[in-house]
Amino acid sequence: MLRSSLNQSMKQLNRNITNIKCKRLDGKVAVVTASTDGIGFAIAKRLAEEGAKVMISSRKEVNVKKAVDQLKSEGLNVSGTVCHVAVKEDRKALLEKTEHEFGSLDILVSNAAINPVVSSLFETSEQVWDKIFDVNVKSTFLLMQEFLPLLRKGKSPSIIMISSIAAYKSLDVLAIYGISKTALLGLNQVAATILAPEGIRVNCIAPGVIETKFSQLITENDIGKTTLSMIPMQRFGETNEIAGVAAFLASDDASYITGETIVAAGGMRSRL
């Protein structure tokens, strides 16, 4: 009972903190992929609340419209377009619409990821392996590569990749997903080193188990109880808690941080 009350109090405190608006990102432009739901939507909203103009994107037009309408109804400066990050033409359209609508780019958040099947490592087919790495790793790199010319014109430009606690702590049912997220840690370090002389910061966030549709597999039933026992804070995270980290990394408050991965996982072990 005490633990439940404490968790509710912490959630309310987090909501109150989120509602305190600061404007660290005034005048900046951001692109957030897979940003119509879950962590991506929360990040897009938080960046817009802090003053950024934000380009929303995801694979389905109906979801893009719904997210854009919701955020605009809250007085936030957003636009949106369909983008499947594994499709070159979609990435190009996202880049062109961002430049047309907002004229520049300062913040690129690569959030899109998939895990199409639940399977252990050696039960995973080559097709599934390729699909996961195509979206989670290859598309992240290509997005960065293609958006670099526009980022180079930005103000204190910043790239943020969304990895996962699964990059550090293997979960058998998310084996290949976890490996793909570990690969992002390496991409983060190499890209940060290369781009630092140009003043472009590159960082990574590794969320723990966050309450979203994507994570229902490991938050519900007996698996959820087992997972919760591994979290010292004894609760699953909320999307706004990851959004707060993203807003920090995108802001000048993090001006001397690059090549780092911030783990936001309620105390779960995070060492390779």
Side-chain angles (χ1 to χ4, degrees), residues 18 21-35 39-57 76-79 83 85 91 94-95 97-99 101-113 136-137 139-164 167 181 184-207 239-264:
T18 300
K21 306 292 191 300
C22 54
K23 295 293 182 181
R24 294 179 293 185
L25 305 178
D26 259 348
K28 293 200 172 189
V29 174
V31 166
V32 186
T33 62
S35 48
I39 290 173
F41 180 78
I43 290 174
K45 180 178 180 182
R46 179 61 180 266
L47 299 185
E49 288 174 341
E50 294 216 16
K53 302 170 186 176
V54 181
M55 183 63 68
I56 303 289
S57 69
L76 301 176
N77 193 344
V78 301
S79 185
C83 180
V85 294
R91 295 193 306 270
L94 176 61
L95 173 62
K97 182 159 186 178
T98 301
E99 189 167 21
E101 296 258 339
F102 299 135
S104 61
L105 180 63
D106 311 290
I107 304 160
L108 175 63
V109 182
S110 179
N111 173 64
N136 297 8
V137 183
S139 295
T140 297
F141 163 72
L142 291 173
L143 192 75
M144 293 167 59
Q145 184 183 55
E146 293 160 2
F147 277 62
L148 262 179
L150 193 56
L151 277 168
R152 286 181 170 124
K153 301 175 184 177
K155 296 171 289 184
S156 304
S158 173
I159 299 171
I160 300 169
M161 289 178 266
I162 307 300
S163 179
S164 169
K181 291 298 187 175
L184 290 183
L185 305 184
L187 177 59
N188 176 56
Q189 291 187 348
V190 175
T193 300
I194 292 171
L195 294 176
E198 298 186 53
I200 301 174
R201 295 184 299 106
V202 185
N203 289 291
C204 206
I205 304 173
T239 56
N240 65 285
E241 293 176 300
I242 306 306
V245 179
F248 163 69
L249 286 175
S251 77
D252 289 340
D253 286 343
S255 59
Y256 199 51
I257 299 175
T258 195
E260 297 294 337
T261 297
I262 295 181
V263 178

Student: Please answer whether the main-chain N or O of M55 pairs with a side-chain N or O of S79 as donor and acceptor at a distance below 3.5 Å.
Tutor: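 No, the answer is negative, given that no donor and acceptor are paired below the 3.5 Å cut-off.
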Student: Distance from R46 atom CZ to N240 atom CG, nearest 0.5 Å?
Tutor: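 Atom-to-atom, R46:CZ and N240:CG are 8.0 Å apart.
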Student: Considering only distance and modelled atom types, tabulate donor-acceptor pairs under 3.5 Å from the side chains of residues 147-156, sequence neighbours left out.
Tutor:
from: R152; atom 1: NE; to: E198; atom 2: OE1; distance (Å): 2.6
from: R152; atom 1: NH2; to: E198; atom 2: OE2; distance (Å): 3.2
from: K155; atom 1: NZ; to: G27; atom 2: O; distance (Å): 2.7

Student: Are the side chains of E101 and K53 in contact, using a 4.5 Å heavy-atom criterion?
Tutor: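 K53 does not reach E101 side chain to side chain.
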Student: Could you walk me through whether I159 and I200 satisfy the side chain to side chain contact (heavy atoms under 4.5 Å, CB included) test, starting with their C-alpha distance in whole Å, then the side-chain angles of each, then the deciding distance to 0.1 Å, before giving a yes or no?
Tutor: CA-CA 7 Å; I159 299 171; I200 301 174; 4.2 Å; yes
Student: Starting from the C-alpha separation in whole Å, work towards a yes-or-no answer on side chain to side chain contact (heavy atoms under 4.5 Å, CB included) for V31 and L143.
Tutor: CA-CA 11 Å; V31 166; L143 192 75; 5.9 Å; no
Student: Got I205 and I242 here, is their nearest side-chain heavy-atom distance under 4.5 Å?
Tutor: yes
Student: Where the side chain of T33 meets the backbone of S110, is there a donor-acceptor pair that is under 3.5 Å apart?
Tutor: no
Student: Do R24 and D252 come close enough that some side-chain heavy atom pair is under 4.5 Å?
Tutor: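 No, their side chains stay 4.5 Å or more apart.
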Student: Yes or no on side chain to side chain contact (heavy atoms under 4.5 Å, CB included) for F41 and T239, after CA distance, side-chain angles and deciding distance?
Tutor: CA-CA 8 Å; F41 180 78; T239 56; over 6 Å; no
Student: Check whether any side-chain heavy atom of S35 lies under 4.5 Å from a side-chain heavy atom of N111, and answer yes or no.
Tutor: no
Student: Using only atom types and a distance under 3.5 Å, with no angle test, would you say the side chain of D106 pairs donor to acceptor with the backbone of P157?
Tutor: no
Student: Is there side-chain contact between L184 and N136, with at least one heavy-atom pair below 4.5 Å?
Tutor: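 A side-chain contact is absent here, since even the closest heavy-atom pair is not under 4.5 Å.
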Student: Is there side-chain contact between E99 and L105, with at least one heavy-atom pair below 4.5 Å?
Tutor: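 No; the side chains remain at least 4.5 Å from each other.
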